[in-house]
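Take a look at the structure set out below.
Numbers restart at 1 for each chain; the letters A, B, ... are given by sequence-line order, proteins then strands.
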Number of protein chains: 2
Amino acid sequence: MTNSSPPDPQGVGQIFALFNEIGIIGQLSRTLFEARLEPGMTIHQFSVLNHLMRVGEGTTPQRMATAFQVPKTSMSHTVAGLVKRGYVTLEPSPTDGRSKCVFTTEAGRACRDRAIAALAPDIAELAPQLPEGLVEALLPHLVTLREVMDAARD
Amino acid sequence: MTNSSPPDPQGVGQIFALFNEIGIIGQLSRTLFEARLEPGMTIHQFSVLNHLMRVGEGTTPQRMATAFQVPKTSMSHTVAGLVKRGYVTLEPSPTDGRSKCVFTTEAGRACRDRAIAALAPDIAELAPQLPEGLVEALLPHLVTLREVMDAARD
DNA sequence: CTTGATTGGTGCGATATCGTACCATATATC
DNA sequence: GATATATGGTACGATATCGCACCAATCAAG
């Protein structure tokens, strides 16, 4: 407990530990996921596919870059990979000559469904090992935490 | 809600959403952290430094690789970076001719303290924006979730 | 309309991640 | 002790991530 500054205004150490746990769990779930995705497919690629289908088709790479909090060059690379696989198409924006718009293809939707189906067994195996009500207890609080952090980045 | 298989044994969709949130928050906090670490320093490098000081000096790279759930080549690379910066030393193991042992140097400890001090203001700024008791509500549940997942990987 | 600042995207180079193959040491079996 | 298997680490190549510089289109002033 690096006890240097005064009194620890409001559980800074606690929040630090919180992010530590979240990071570890994120890493564990990422490894879990990647093992089931089709070879060569990235979590990011899957996430983008998922995002398009959940949030809406036709967003721009830049918007997804900020949504995912990654540099635009990274998003560019991810989208390029999906294009190469034929899972999304990149159309020039009809309203803004600089932008492009991303749409999932039929193959993309199928791929996403396949991926989720491939993931489900692992999750179903994990589920009964979790204490009753744990997920329900965590999820809403995590959502608010994300919302606060999302809003906090000016 | 990919409604393909039968009845969704036990909130598989919920758990999926849970991991989704955790992944996003992890990404947000990673970006937050990286912005404050000294230039060229990775989260992984900081995590290793932190791990050594919290869990114990003298572990082997391989043990840390499994602890962090990353391939051993990645851990090797991370440790090499820390060695190059003079933050850890790699000694041959006295009991096992194959292994090496990792120890933090004085500079390494100083670096870790500096990093935490650099991070604290951001966290302190975030803290008051969080609902009362949120961290306390989340942390224990996240710990058990991590423990279950940790135990689940045979 | 012209100038200057902003914004979306790409090209490129440096570094990180990670799978495969490989080597050395250790452990098990006989 | 000899052989087989397992384990820790490294070398190397392929891909991912990301900062920086650049270009084109938009927007804001004047």
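Rounded to a whole Å, the CG atom of B/L37 is 13 Å from the P atom of C/dA16. Distance A/M75 CE to C/dT10 P: 13 Å, rounded to the nearest Å. A straight line from NZ of A/K100 to P of D/dA24 spans 14 Å, rounded to a whole angstrom. For the pair A/R30 CZ and D/dT17 C1', the computed distance is 13 Å after rounding to whole Å. Between B/E91 atom CD and D/dG8 atom C1' the separation is 17 Å, expressed in whole Å. B/M41 has its CE atom 18 Å from the C1' atom of D/dC18, to the nearest Å. For the pair B/R63 CZ and D/dG9 P, the interatomic distance rounds to 10 Å; values are reported in whole Å. A straight line from CD1 of A/I43 to P of C/dT17 spans 15 Å, rounded to a whole angstrom.
Distances were taken from every side-chain heavy atom of B/R98 (C-beta onward) to each of C/dA24, D/dT26, C/dT17; the shortest belongs to C/dA24. Ranking D/dT17, C/dT17, D/dG9 by closeness to the A/T42 side chain, first place goes to D/dT17.
Using modelled atom types, one finds no donor on one side chain facing an acceptor on the other under 3.5 Å when comparing B/Q62 with B/S99.
With DNA chain D read from its 5' end, the first of the two nearest nucleotides for B/D96 and A/D96 is the one closest to B/D96. Both B/H77 and A/L90 lie close to DNA chain C; mapped to their nearest nucleotides by heavy-atom distance, the more 5′-ward contact belongs to A/L90. In terms of position along DNA chain D, the nucleotide closest to B/Q62 lies nearer the 5' end than the nucleotide closest to the other residue of the pair B/Q62 and A/P71. Each of B/V70 and A/S76 has a nearest nucleotide on DNA chain C; the 5'-most of these lies closest to A/S76.
The local environment of CZ in A/R36 is sparse, with at most 12 non-hydrogen atoms from other residues, nucleotides or ligands closer than 6.0 Å.
Taking every heavy atom of both residues into account, B/I22 and A/G26 meet most closely at CG2-N, 3.8 Å.
Not one side-chain nitrogen or oxygen of A/H44 sits closer than 4.0 Å to the OP1 or OP2 atom of D/dA16. Regarding contacts with the backbone of C/dG19, every side-chain N or O of B/K72 stays at 4.0 angstrom or more from both OP1 and OP2. A close approach under 4.0 Å does not occur between any side-chain nitrogen or oxygen of A/T60 and OP1 or OP2 of C/dG8.
A salt bridge links A/E38 with A/R114: at least one charged nitrogen is closer than 4.0 Å to a carboxylate oxygen.
Residue contacts shown for A/S99 are limited to sugar-phosphate atoms, with no base heavy atom under 4.0 Å away.
Using bins of under 30°, 30° to 60° and over 60° for the plane-to-plane angle, the ring pair A/H44/A/F68 lands in the tilted bin.
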